[in-house]
Amino acid sequence: VSTTTTTAAPEEATAPTPTKTRRFSLIRFVGLLTPVLLVVGGYASIAGADASDSGPLGLIEVMNPAYFGFIGLLAASFVWHMRSKTLDTPVLGMHIVALIFLFHGAVSWIEQVPRFPVVYTHVGLSEYIQRTGETLPTLDARMNWPGFFTAAALLNEVAGVESIYPWLLWAPLVQNLFYAPLLFSITRTASTDARVPWIALYLYFSLSWVGQDYFSPQALNFLFFLTFVAIVLRCFRTDRAALPRPIRRIGNGVGVIVGRILRVKSFQPGGAPILATTTAQRSLLVFALAVIYAASVMSHQLTPVFLLLFVTALVVLRRTVLRGFPLLMAVLFFSYISYGAIGYWSGHLDAMFGGFGKLGGIFKDNVGSKVEVESSHVYVIYARFLLAAGVWALTAWGLIRRLRAGRVDIALLVGFIVPFFVLGGQTYGGEVILRVFLMSLPFAAIFITFALLPTEKLKLNITRSVVFVLICTLLGPMFMLTRYGNEAFEYVSKDDYEAALELARLAPADSNMITIDANVGNQLARMEQFAFVVVPQEPGEPLDYSVQHIYQTAVDAPGNQSFLLLSRSQIANIELTYGKPKTFFQDITRDLIANPNFRLIYENADARIFAIDTSAGTKSPEVEDE
Amino acid sequence: MKHKAPIPVTETARFGSGYETVNRFVGRRAVSPLAMRINAVMMPASVALTVMTVLDVSSDIRTWLALVVFCFGPGSALVQYFRLPDAAMQLGLIIAISTALSILLAQALLYFDRIDALIAVGVLTALTFLHPITRQNPRPKSEPVKKEASE
């Protein structure tokens, strides 16, 4: 059994080839028009949906079932074109764009305001840099990696605006459109079969429920990640170099065992030919990789780690010719950490490395804490686990089918496995599993495609076509449930935004901004001038949202004046996560208005602002001691 | 009609530490046509943005131009040097390089305490014009190719 040296025989391909014909044809015209009509139909079907009516299951509760019908029709149209003798690139590309519009743009169409409270914090961080011309690492940990926020501040300056807030509504759609060509380049490296990249791309956008594509450093860094992977796999991959001796022995042993189990005589590298480049081109591409990695190092904590691990693993397994590049990456990474992020790690070494090796704790933070939800919202979390487990199981199945066809894709396998190594590092605020899923998804989508079409010889027959259409149709509601299952509290209404903006205008410097829950987008402007205080809750004790407790929080807060902001996103999170009744907002508002220390100074349909008179209060003994 | 034999575009060539089947023909003849077209749009866009920034025009058009130049401007010029024939790769690289350079530029301006719209637009516009300025003119078709001395 050989895993390395056999030269791939010319394919006995029955797979269709891409066409470059530019002639007008009725099929092409219909093929281009159909996705457009389906997007228009899909958007029209949800035009009356109101995201504020989302319940414990999220946005799926307000979606018109016809919308999912349009998703099914798009999948059917896509498969119909995939079955033709020659693949029409513009037509298939239009289907992918339509899918992105239906899955990743529909919510922007419904909500009309940028979603996610954290987006407003990112706006506030950019506003600080734009206003002061400097960063403030003590203000927020993210300021230690300010590249993204500095670029946003510079963009505001160049655009001549205080904030590009109105343009952030469509950020998820635009970012996914940006990802598409890079994902296509990555998936093209997987096989000489021209159908594989298209199907993998379709699956990727149907399965990408993690939702890290909002206005954020990680969204931009995912673009860098994809660019980096695309260049390495497309221009610097090598499939036929012999493995290092110790790994080769193990690999041959594993190859013999796997070969016997799967009854395969020999394995051949399965990837497509790399893109031919001259020495000058390769030098320029290496320089581009260095520039992109430098930008990534300055703007995000986690992505450079994924990239460093990915390239190092390829070098160790001799699947790339960029042998010295991990050294340059390590120098860039540790230089920045030592200099730019010193303010963070010097005081948080335990937070950075304390979780190293503690897989149990990481699992509890990422999984266990999320299922402790006291409402039917828990089904959203179960659906996410189910989908992630399903994706990984199908990936394993695709890998087995590929191996049974005698193909081994080491570089792709490295891309899929390497993100999991980060799990042994730290919890990353209980989000590391999300990032691992996201970073491994492009490779998982390729292997799932191999489960359907492991070799070029197989036709996309009726059975496979029907299975694919059914899966893609079912993924419509599943995507909506998993991706927008939190919409009840991740949705930020226009009234929420206007109340937060009004409070930032009203409050003098050194004020306390009190909220009853952290799920609020109130750090829009002048964020360094305020103390943002969330009413504390004792672990293990019943939740206390009494007026007296809120008042004592205001008294204990460090600022001069105190303001309480109640908003829809806070209330929704409390109702869903802690099972508070639907009348919670009315009850707490009534109690606050009845208390003489609280004065209602602003209200709209979704939010209230109270000025708190703390002159009669006395600080808690523990606060006095501090 | 006489049938033309297809050009053999693949060959096995030595590359790095292993043998790879590479598309050498495409590699030698490659240009970046998509980057060229995008750059042709970006050049007037960056000039318009510069003019609007100098005149301090407050308009949605300026915001759109700023977004477009930040995302596509410098990359559309620099990717032409790579001469990659793959359109998807060109498009992805244009966006990634443009945004990466915008981050590095912003960080440099922050470091020197000079976050300034005019400097930023000037640098981005200069980068957008880099390839057209440095491009060597192709040899005229009528000029005969000089033979090497060794021949």
Side-chain angles (χ1 to χ4, degrees), chain A residues 7-8 129-130 133-135 146-148 150-155 157-161 164 167 178-185 188 220 223-224 226-228 230-231 234-242 273-278 281 284-285 288 291-292 294-296 298-299 318 320-321 323, chain B residues 10 12-13 15-28 30 49 52-53 56-59 62-67 69-71 78 81-93 95-97 99-107 109-110 113-117 120-121 124:
Chain A
T7 304
I129 295 173
Q130 189 185 358
E134 57 189 37
T135 62
F148 174 80
T150 315
L154 190 64
L155 179 61
E157 279 287 305
V158 172
V161 294
I164 56 163
W167 280 266
F178 283 178
Y179 299 157
L182 292 162
L183 283 161
F184 188 70
S185 290
R188 277 180 83 176
L220 184 60
L223 181 87
F224 293 156
L226 294 176
T227 312
F228 208 93
I231 294 176
R234 198 110 164 83
C235 303
F236 296 104
R237 193 182 84 247
T238 171
D239 285 335
R240 300 181 205 289
I274 60 164
L275 206 62
T277 45
T278 60
Q281 282 175 299
L284 285 170
L285 285 167
V291 167
I292 291 167
S296 177
M298 288 178 185
S299 53
R318 296 192 184 164
T320 178
V321 292
R323 287 185 188 163
Chain B
T10 57
T12 302
F15 177 68
S17 57
Y19 285 93
E20 292 289 344
T21 305
V22 296
N23 196 331
R24 285 256 155 184
F25 176 80
V26 174
R28 282 199 292 269
L49 180 63
M52 292 180 101
T53 308
D56 198 18
V57 177
S58 182
S59 158
R62 183 176 162 190
T63 311
W64 279 112
L65 285 174
L67 280 166
V69 171
F70 263 67
C71 293
L78 299 177
Y81 291 110
F82 298 165
R83 296 188 291 115
L84 294 170
D86 182 339
M89 193 93 163
Q90 286 176 57
L91 186 55
L93 268 173
I95 299 164
I97 289 177
T99 46
L101 285 175
S102 299
I103 285 179
L104 295 179
L105 172 65
Q107 284 294 101
L109 293 177
L110 183 78
D113 202 14
R114 292 297 300 269
I115 290 206
D116 184 87
V121 168
L124 292 175

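To find a chain, count down the sequence lines: A is the first, B the second, and so on, and within it residues start at 1.
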If you count heavy-atom pairs under 4.5 Å between each of B:Val69, B:Ile97, B:Leu101, B:Thr99 and chain A, which one has the most?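 Among the listed options, the one with the most contacts to chain A is B:Thr99.
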
Going through the distances and angles, do A:Leu284 and B:Leu78 end up as a side chain to side chain contact (heavy atoms under 4.5 Å, CB included)? CA-CA 10 Å; A:Leu284 285 170; B:Leu78 299 177; over 6 Å; no

Using heavy-atom distances under 4.5 Å, tell me whether [X] contacts chain B through its side chain, its backbone, both, or neither.
| X | result |
| --- | --- |
| A:Ile231 | both |
| A:Phe184 | side chain |
| A:Val158 | both |
| A:Ile292 | both |

If every non-hydrogen atom of [X] is compared with every non-hydrogen atom of [Y], which pair is closest and at what distance?
| X | Y | value |
| --- | --- | --- |
| B:Ala96 | A:Phe224 | O-CE2, 3.6 Å |
| B:Asp113 | A:Gly133 | OD1-O, 3.7 Å |
| B:Met89 | A:Ala230 | CE-O, 3.7 Å |
| B:Gly92 | A:Thr227 | O-OG1, 4.4 Å |
| A:Leu154 | B:Asp116 | CD1-O, 4.2 Å |

Would you give the length of the straight line joining atom OG1 of B:Thr53 to atom CD of A:Glu157, rounded to the nearest 0.5 angstrom?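 Here the rounded value is 10.5 Å.
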
Out of curiosity, A:Leu155 CG to B:Thr63 OG1, how far, rounded to the nearest 0.5 Å?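 Atom-to-atom, A:Leu155:CG and B:Thr63:OG1 are 8.5 Å apart.
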
Minimum side-chain heavy-atom gap A:Pro181-B:Gln90 below 4.5 Å: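 No; the side chains remain at least 4.5 Å from each other.
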
Does B:Arg62 reach the side chain of A:Val161, with side-chain heavy atoms less than 4.5 Å apart?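 They are not in side-chain contact.
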
Examine whether an atom of B:Tyr81 lies under 4.5 Å from a heavy atom of chain A, and if so say whether it belongs to the side chain, the backbone or both; otherwise answer neither.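 For B:Tyr81, heavy atoms of backbone and side chain both lie under 4.5 Å from chain A.
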
Under a 4.5 Å heavy-atom cut-off, does chain A meet the side chain of B:Leu49, its backbone, both or neither?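 For B:Leu49, side-chain heavy atoms alone lie under 4.5 Å from chain A.
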
Pair A:Thr150, B:Ile115 - check side chain to side chain contact (heavy atoms under 4.5 Å, CB included), show working. CA-CA 9 Å; A:Thr150 315; B:Ile115 290 206; 3.9 Å; yes

Side chain to side chain contact (heavy atoms under 4.5 Å, CB included) for A:Leu285 and B:Leu84? Distances and angles first, verdict last. CA-CA 10 Å; A:Leu285 285 167; B:Leu84 294 170; 4.2 Å; yes

Would you please test B:Leu110 and A:Thr135 for side chain to side chain contact (heavy atoms under 4.5 Å, CB included) and show each step? CA-CA 8 Å; B:Leu110 183 78; A:Thr135 62; 3.6 Å; yes

